[in-house]
J.: 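First the structure, which I've put down as structure tokens, then a few questions once you've had a look.
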Protein chains: 2
Amino acid sequence: MLTKDKIYVEAARLFQEKGYAAASMRDLAERLQLRPSSLYSHIRSKEDLLEKICFDNAHRYLQVMEDCLQRPVSAAQKVEQLLRRHIRIALEDPTSITVFNDEWRHLPQPLLERFLSLRRQYEKSFKQLLEEAMQEGAFKARPPQLVLNTLLSSLLWLHRLAAKDEKPDEDVLVGLLFEGLEG
Amino acid sequence: MLTKDKIYVEAARLFQEKGYAAASMRDLAERLQLRPSSLYSHIRSKEDLLEKICFDNAHRYLQVMEDCLQRPVSAAQKVEQLLRRHIRIALEDPTSITVFNDEWRHLPQPLLERFLSLRRQYEKSFKQLLEEAMQEGAFKARPPQLVLNTLLSSLLWLHRLAAKDEKPDEDVLVGLLFEGLEG
DNA sequence: GTCTATAACTTGATAGAC
DNA sequence: GTCTATCAAGTTATAGAC
């Protein structure tokens, strides 16, 4: 694996563990068994690391959204697929949801606006899908923004289980979201 | 209001906005129209600010838990009360859930362990309540840890609405958690 | 592409006048 | 209890030898 790629992988882990602001380039260098200055032969700045991590994941989620929208199934089934893909991404690559959700606010200013724009685009598609499913009668009619926020937030804890062997069951989790506590 | 209290209030807001690590004592002083050094006539350190915010909220949630456990109602109804109290706290004092959930990891080491102990205590009570409700047949039987994490996470977005006038409806949110998307 | 050395700056916190 | 002045340590990043 290229040193550059190793740096990005380790940076994502470090940002997840300590948060972007509390993570230092010294930390990062030490984990890679390099001197801090050597990092700069591969990357331009700490902010570049955050930028790549945030935007790679933003595009990944937008790609997932596109895939799900194209499927020839009902809106409710598209939502289910979307949730399942979210769960899988969170379990396979736990840094993704964390950085995507918690650390983007540290992006420097024109990037921050671009990032928020992608995020709004994603949320807009998701909300439309929820509204469709409600019109179909598959979902109970509720304010789509509230439902969207609740759904996305409810998956946020998944990344914490990264280290543990015991992964939560995808079907049970989807069941909980679809049927609620009362099931 | 005492200067000391103003400092704590503003610190909580600042930590919520920028995160503990990215928030500087200079930021804080400026918002209070003080010189940075003046802060230290009222508080001992930046860490003290985080400590108070985290532990005050930990005790507040434990108090809410105690209140709910003592009510002479079914386990499922206790869970509902607990969720409603969580929602109200998040809407009334949006810094609470945020700092309590995101910034505690920056507590210095013996405090961190004490904090996690309180948190485990809270989660243990909550899990027991969920298990009771499942045994009563009010809730579908699912791994309690999964349900707990999903519930607590699903409320995390509430703090973002702090500024907006439009607050989400408590009943709709509780309905979504109890009945799921399909309602 | 790694290293040593260091520049330029920000951080939390203190000393001491008023 | 606020201020000015300042410190010691930590930060990102660069220069230049090898």
Side-chain angles (χ1 to χ4, degrees), chain A residues 1-56 95 99 102-112 115, chain B residues 1-56 95 99 102-112 115:
Chain A
M1 200 187 206
L2 288 173
T3 304
K4 186 170 180 171
D5 295 330
K6 281 188 202 159
I7 292 175
Y8 279 106
V9 168
E10 200 57 44
R13 276 195 216 132
L14 185 62
F15 294 166
Q16 182 200 1
E17 261 177 54
K18 312 185 78 168
Y20 177 77
S24 77
M25 298 302 271
R26 283 175 171 77
D27 289 339
L28 181 56
E30 200 173 357
R31 289 178 181 221
L32 292 158
Q33 291 179 287
L34 282 175
R35 302 282 126 171
S37 60
S38 304
L39 296 172
Y40 293 91
S41 296
H42 305 274
I43 59 152
R44 277 191 317 175
S45 66
K46 186 184 176 187
E47 283 175 351
D48 275 6
L49 292 172
L50 183 62
E51 174 184 353
K52 179 155 170 55
I53 296 167
C54 286
F55 280 88
D56 278 3
T95 59
V99 176
D102 297 348
E103 305 303 330
W104 56 264
R105 63 177 161 173
H106 295 110
L107 285 168
Q109 242 311 340
L111 288 179
L112 180 60
F115 179 83
Chain B
M1 200 187 207
L2 288 172
T3 304
K4 186 170 181 172
D5 295 331
K6 281 188 202 159
I7 292 175
Y8 279 105
V9 168
E10 200 56 45
R13 275 193 218 134
L14 184 62
F15 294 166
Q16 182 200 0
E17 260 178 56
K18 311 186 77 168
Y20 176 77
S24 77
M25 297 302 274
R26 283 171 172 77
D27 288 338
L28 181 57
E30 200 174 358
R31 289 177 181 222
L32 292 158
Q33 290 179 290
L34 281 175
R35 303 281 126 172
S37 60
S38 303
L39 296 172
Y40 293 91
S41 296
H42 305 275
I43 58 152
R44 277 190 316 175
S45 67
K46 187 184 178 189
E47 284 176 349
D48 275 7
L49 292 172
L50 183 62
E51 174 184 353
K52 180 158 171 52
I53 296 167
C54 285
F55 280 89
D56 278 3
T95 58
V99 177
D102 297 349
E103 305 302 331
W104 55 264
R105 62 176 163 177
H106 296 109
L107 285 168
Q109 246 308 348
L111 287 179
L112 180 60
F115 179 84

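Chain naming here is simple, since letters A, B, ... match the order of the sequence lines and numbering starts at 1 in each.
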J.: Phosphate oxygens OP1/OP2 of C:dG1: is one of them under 4.0 Å from a side-chain N or O of A:Ser38?
T.: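 Indeed not, no polar side-chain atom of A:Ser38 lies that close.
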J.: Once you round it to whole Å, what is the distance between C1' of C:dT4 and CG of A:Leu39?
T.: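 Result: 15 Å.
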J.: Could you grab the distance from atom CG of A:Leu49 to atom CD1 of A:Ile7, nearest 0.5 Å is fine?
T.: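 Answer rounded to 0.5 Å: 7.5 Å.
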J.: Could you tell me how far apart B:His42 (NE2) and D:dT2 (C1') are, to the nearest whole angstrom?
T.: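 In whole Å, D:dT2 C1' lies 8 Å from B:His42 NE2.
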J.: Nearest whole Å is fine: how far is C:dG12 P from B:Glu51 CD?
T.: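 Rounded to the whole Å, the gap is 17 Å.
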J.: Rounded to the nearest Å, what distance is computed from the CG atom of residue A:Leu34 to the P atom of nucleotide C:dT4?
T.: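 Rounding to the nearest Å, CG of A:Leu34 and P of C:dT4 are 12 Å apart.
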J.: What is the distance, rounded to the nearest whole Å, between atom CZ of A:Arg35 and atom P of C:dT4?
T.: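 After rounding, the gap between these two atoms is 5 Å.
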J.: Can you say whether the rings of A:Phe115 and A:Phe55 are parallel (under 30°), tilted (30 to 60°) or perpendicular (over 60°)?
T.: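 Plane angle over 60°, so perpendicular.
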J.: Atom CD1 of B:Ile7 to atom P of C:dA13: distance rounded to whole Å?
T.: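 It works out to 13 Å between those atoms.
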J.: Once you round it to whole Å, what is the distance between P of C:dG1 and CG of A:Asp5?
T.: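 After rounding, the gap between these two atoms is 12 Å.
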J.: Between B:Glu17 and B:Arg31, does any side-chain N to carboxylate O distance fall below 4.0 Å?
T.: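 Yes, charged N to carboxylate O under 4.0 Å.
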J.: Does atom CD (A:Gln109) have a neighbourhood of more than 12 heavy atoms from anything else shown, all under 6.0 Å?
T.: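 Yes - once you tally the heavy atoms of other residues, nucleotides and ligands closer than 6.0 Å, there are more than 12.
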J.: Quick one: sort the A:Tyr20 and A:Phe15 rings into parallel, tilted or perpendicular, breaks at 30° and 60°.
T.: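 If you compare the ring of A:Tyr20 with that of A:Phe15, the planes turn out perpendicular.
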J.: In this structure, how many angstroms lie between the P atom of C:dG12 and the CD atom of B:Glu30, rounded?
T.: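 My rounded result for the distance is 13 Å.
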J.: Dump every N/O contact between nucleotides 11-13 of chain D and the protein below 3.5 Å, one line per pair.
T.:
from	atom 1	to	atom 2	distance (Å)
D:dT12	OP1	A:Ala23	O	3.4
D:dT12	OP1	A:Met25	N	3.2
D:dT12	OP1	A:Lys46	NZ	3.3
D:dT12	OP2	A:Met25	N	3.0
D:dA13	OP2	A:Tyr40	OH	3.0
D:dA13	OP2	A:Lys46	N	2.7

J.: I'd like to check the side chain to side chain contact (heavy atoms under 4.5 Å, CB included) partners of B:Asp56; sequence neighbours left out, ordered by chain and number.
T.: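 Listed in chain order: B:Lys52.
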